[in-house]
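Numbering of ligands and ligand atoms starts at 1, following listing order. All of these numbers come straight from a predicted model, not from anything done at the bench.
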Amino acid sequence: MDNVIAIDGPGGAGKSTIARRLAEELGYIHLDTGAMYRAVTYAALQEGIDLNNKEALVKLTKSIEINFNKDGEIFLNSKNVSKEIRSSQVNKNVSKTAAVKGVREILVKKHQELAAKNKVVMDGRDITTVVLKEAEHKFYLTASIEERARRRFEEMKEKNKEANYEEIKENIARRDKLDSQREHSPLKIADDAVVIDSTELSIEEVVSKIKAIIEGA
Ligand code: CDP
Ligand code: CDP
């Protein structure tokens with residue numbers, strides 16, 4: 001499968017940042033699939049849907065429209081929800097929504113349709129293993145839990161938001177566990193993915209490393 005770059009990994013590993021940079025440099029589209037699971041979760045919370053009610057979640061996912069603009073901002077039924085999907089309420093609940101098979105089926109289909117029509121750099125949890133299983137270029141991006149929590153903490157501080165390092169670390173660790181232990185499409189390293197540990201690497205170093213691998217292929 002040409003013209004697609006698939007990236008998976010745990011939260012805070014730098015997937016979205018690296019994917020965005022790669023897409024810019026290569027003239028590809030970046031698709032942050034996590035933002036779509038977040039948008040579904042945000043919509044469910046807004047509508048007061050019980051997140052244990054799988055049927056209601058699937059019905060909701062079918063009924064909503066999710067779009068991105070060129071700057072990567074995300075729209076739920078035409079409303080820009082880019083900030084709202086990063087709230088702590090969504091952080092806490094997104095892995096629950098993402099564990100529902102029917103929700104995943106609908107979103108995976110959308111991701112695959114987008115990849116069929118565009119040159120894409122797609123990042124998430126199941127891109128290398130399920131969504132773009134046949135992608136020529138697959139990467140698993142990771143970093144230590146301490147470094148990932150530190151990055152999220154710094155991001156919050158930059159936005160002048162209240163942040164507690166231990167709470168952030170706990171939330172990331174909890175999602176790591178839920179995402180890698182769930183029944184449907186758990187986060188795992190694909191046999192043919194190149195693993196990059198960015199704990200000690202800058203964004204530029206990771207981008208260069210990936211580009212060197214792609215160009216050398
Ligand atoms: O904020 P962070 O980068 O940690 O996560 P994200 O990429 O925004 O994804 C949020 C959540 O959506 C993850 O913790 C997973 O539960 C879920 N997700 C998924 O199940 N499959 C994907 N392809 C992408 C995200
Ligand atoms: O998408 P994912 O949750 O994997 O990570 P992200 O949303 O891209 O966030 C990673 C954060 O760490 C961003 O604030 C980046 O600026 C920073 N960072 C990085 O992504 N990669 C490095 N090698 C160093 C820092």
Side-chain angles (χ1 to χ4, degrees), residues 6-23 30-42 44 51 61 66 72 74 81-82 84-101 103-112 114-115 121-133 139-159 163 168-169 171-188 190 196-210:
I7 306 178
D8 283 323
K15 301 182 298 298
S16 309
T17 309
I18 304 296
R20 196 181 319 122
R21 285 280 298 273
L22 275 173
H30 167 219
L31 186 73
D32 174 356
T33 62
M36 293 177 74
Y37 288 93
R38 286 173 174 274
V40 173
T41 309
Y42 172 72
L51 297 180
T61 312
I66 301 172
I74 184 163
V81 293
S82 306
E84 289 83 347
I85 63 160
R86 308 279 162 199
S87 72
S88 63
Q89 272 300 90
V90 174
N91 279 341
K92 276 186 202 138
N93 291 294
V94 61
S95 291
K96 198 159 198 177
T97 319
V100 179
K101 190 171 176 237
V103 169
R104 302 201 69 82
E105 282 169 355
I106 296 164
L107 294 190
V108 166
K109 197 162 165 252
K110 288 193 181 170
H111 302 154
Q112 289 172 334
L114 278 159
V121 185
M122 203 178 282
D123 76 281
R125 300 293 187 290
D126 61 343
I127 311 306
T128 58
T129 54
V130 176
V131 180
L132 305 176
K133 223 175 161 176
F139 299 92
Y140 185 92
L141 195 54
T142 188
S144 72
I145 177 88
E146 288 76 18
E147 173 62 13
R148 291 187 283 126
R150 194 193 62 76
R151 290 175 185 174
R152 283 273 177 269
F153 179 71
E154 294 298 331
E155 271 179 354
M156 302 278 276
K157 278 207 314 201
E158 268 166 37
K159 289 180 195 154
I168 293 174
K169 194 170 134 188
N171 174 268
I172 293 185
R174 198 178 131 263
R175 277 200 289 134
D176 280 358
K177 196 167 167 205
L178 289 171
D179 293 343
S180 46
Q181 294 185 352
R182 69 180 176 220
E183 185 184 356
H184 309 293
S185 311
L187 171 67
K188 62 179 179 199
I196 299 177
D197 186 328
S198 75
T199 308
E200 310 275 345
L201 300 178
S202 68
I203 295 167
E204 284 67 31
E205 285 171 323
V206 178
V207 172
S208 307
K209 211 170 173 156
I210 293 184

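If you check each of Leu178, Leu187, Asp179 against atom 16 (O) of ligand 1, the one with the closest non-hydrogen atom is Asp179. The heavy atom nearest to atom 6 (P) of ligand 1, considering only Ser185, Gly34, Ser16, Gly9, is found in Gly34. Heavy-atom proximity to atom 22 (C) of ligand 2, evaluated over Glu154, Arg148, Arg151, is greatest for Arg151. Distances from atom 19 (C) of ligand 2 to the heavy atoms of Ile18, Ile203, Thr17 put Ile203 nearest. Counting only non-hydrogen atoms, the option in Leu107, Val94, Val100, Asp126 that gets closest to atom 12 (O) of ligand 1 is Val94. With Gly11, Ala35, Gly14 as candidates, the residue nearest to atom 10 (C) of ligand 2 on a non-hydrogen basis is Gly14.
Within ligand 2, counting atoms from 1 as listed, the ones closer than 4.0 Å to a heavy atom of Leu201 are 22 (C), 23 (N), 24 (C). For ligand 1, the atoms closer than 4.0 angstrom to any heavy atom of Ser95 are 14 (O), 16 (O). Atoms of ligand 2 lying under 4.0 Å from any heavy atom of Ser202, numbered from 1 in the order shown and given with element: 23 (N). Taking every non-hydrogen atom of Pro10 and a distance limit under 4.0 Å, the qualifying atoms of ligand 2 come out as 4 (O).
Between Leu178 and Ser95 the shortest heavy-atom distance is CD1-CB, 3.8 Å.
Residues Asn171 and Arg152 have side chains not in contact (no heavy-atom distance under 4.5 Å, counting atoms from C-beta outward). Put simply, the side chain of Ile127 does not reach to within 4.5 Å of the side chain of Asp123, judged on heavy atoms. Residues Arg182 and Arg125 are in side-chain contact: their nearest non-hydrogen atoms beyond the backbone lie under 4.5 Å apart. By the 4.5 Å heavy-atom criterion applied to side chains, Val131 and Thr33 are not counted as neighbours.
No part of Glu205 comes within 4.0 Å of ligand 2, judged by heavy-atom distances. Within the 4.0 Å heavy-atom criterion, the part of Arg175 lying near ligand 1 is the side chain and not the backbone. At a heavy-atom distance under 4.0 Å, only side-chain atoms of Arg182, from C-beta outward, approach ligand 1.
Classification of Glu146 and Arg150 as a salt-bridged pair fails, no side-chain N sitting under 4.0 Å from a carboxylate O. A salt bridge links Glu204 to Arg21: one of the charged nitrogens lies within less than 4.0 Å of a carboxylate oxygen.
Scanning the protein heavy atoms around atom 13 (C) of ligand 2, the nearest turns out to be Glu155 OE2, 3.1 Å. At the top of the distance list for atom 7 (O) of ligand 1, counting protein heavy atoms only, stands Arg125 NH1, 3.1 Å. Nearest protein heavy-atom contact of atom 9 (O) of ligand 2 is Arg152 NH1, 3.3 Å. At the shortest separation from atom 17 (C) of ligand 1 among protein heavy atoms lies Ala98 CB, 3.6 Å. Annotation: atom 8 (O) of ligand 1 to nearest protein heavy atom, Arg38 NE, 2.7 Å. From the protein, the heavy atom lying nearest to atom 24 (C) of ligand 1 is Thr33 OG1, 3.4 Å.
Checked against a 3.5 angstrom limit, the closest N/O atoms of Lys15 and ligand 2 fall inside it. Geometrically, ligand 2 and Gly12 share a nitrogen or oxygen pair separated by less than 3.5 Å. Considering both main-chain and side-chain atoms, Asp123 never comes within under 3.5 Å of ligand 2 through any nitrogen or oxygen pair. For ligand 1, the polar-atom distance check against Arg104 finds a nitrogen or oxygen pair separated by under 3.5 Å.
Annotation: salt bridge (Lys or Arg N to Asp or Glu O under 4.0 Å) contacts of Arg151 (sequence neighbours excluded): Glu147. Considering only residues two or more places apart in sequence or on other chains, Glu200 meets the salt bridge (Lys or Arg N to Asp or Glu O under 4.0 Å) condition with none of them.
Proximity of a side-chain donor or acceptor of Asp8 to a complementary backbone N or O of Tyr140 within less than 3.5 Å is not detected. No donor-acceptor pair under 3.5 Å is formed between the side chain of Ser198 and the backbone N or O of Leu201.
Counted within 6.0 Å of NZ on Lys133, heavy atoms from surrounding residues, nucleotides or ligands total 12 or fewer; the atom is thus considered open.
If you run salt bridge (Lys or Arg N to Asp or Glu O under 4.0 Å) between Asp126 and each of Arg104, Lys101, Lys188, only Arg104 comes through.
Residue contacts with ligand 1 include Arg86, since one or more of its heavy atoms lies under 4.0 Å from the ligand.
Rounded to the nearest 0.5 Å, atoms CZ (Arg38) and CD1 (Ile74) are 10.0 Å apart.
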